[in-house]
Amino acid sequence: MMNTMANALSGWGLWIALIGASLGTYFCRAIGVLLSNSINQESEIFRWLAAVTYAMVAALTIRLIVMPLGLMSTVPLWIRILICGLAIGVMVSKPTKRLVPALLAGTLLMVGYGVIR
């Protein structure tokens, strides 16, 4: 009897957590939409937030290249850096359409390395 009740509550607990997370996310988004007209995007706080965001993305990217986890850690560091440099070269070569070709080039080079190896 107790095991059946515990199993039923554990299932509901997951649903309650999902609903709570969804409500929290959409509540914050709704507040952002309501306040969006009264916020100056050129203010110092937003420039600081943009700088912190870019710094975090750069740090995570460097961490993925230098200290990867899982399957990518089997690829030598010089190959990871070479592929990253080639992808950056693709991004710089086509300033109007740069993200998708760069991601495609990096992905194809990494897959090609895996196939050749």
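Legend: residues meeting side chain to side chain contact (heavy atoms under 4.5 Å, CB included) with Val111, ordered by chain and number and at least two apart, are Thr107, Val115. Every side chain to side chain contact (heavy atoms under 4.5 Å, CB included) that Ile88 has, sequence neighbours left out, goes to Cys84, Val92. Take Arg63 and apply the salt bridge (Lys or Arg N to Asp or Glu O under 4.0 Å) test, not counting sequence neighbours, and it matches no residue.
Within the structure, salt bridge (Lys or Arg N to Asp or Glu O under 4.0 Å) contacts touching residues 25-44 (residues at least two apart or in different chains) are Glu44-Arg47. Listed by first and then second residue, the salt bridge (Lys or Arg N to Asp or Glu O under 4.0 Å) pairs involving residues 67-88 amount to none (not counting sequence neighbours).
One hydrophobic cluster, built from ILVMFWY side chains closer than 4.5 Å, holds both Leu49 and Met56.
Closest non-hydrogen pair, Ala102 versus Ala87, comes out as CB-O, 3.4 Å. Val66 and Leu77 get closest at one heavy-atom pair: CA-CD1, 4.1 Å. Val90 and Ala105 get closest at one heavy-atom pair: CG2-CB, 4.0 Å. Counting all heavy atoms, side chain and backbone alike, Ser73 lies closest to Gly70 at OG-O, 2.5 Å.
One finds the CG atom of Leu18 at 9.5 Å from the CG atom of Leu23 (value rounded to the nearest 0.5 Å). To the nearest 0.5 Å, the span separating CG on Leu35 from CD1 on Ile31 amounts to 7.0 Å.
Cluster note: Met110 groups with Met72, Val75, Trp78, Ile79, Leu82, Ile83, Leu86, Leu109, Tyr113 through ILVMFWY side-chain heavy atoms spaced under 4.5 Å, whether in direct contact or through intervening members.
Shown here is Leu71, whose CG atom has no more than 12 heavy atoms of other residues, nucleotides or ligands within 6.0 Å.
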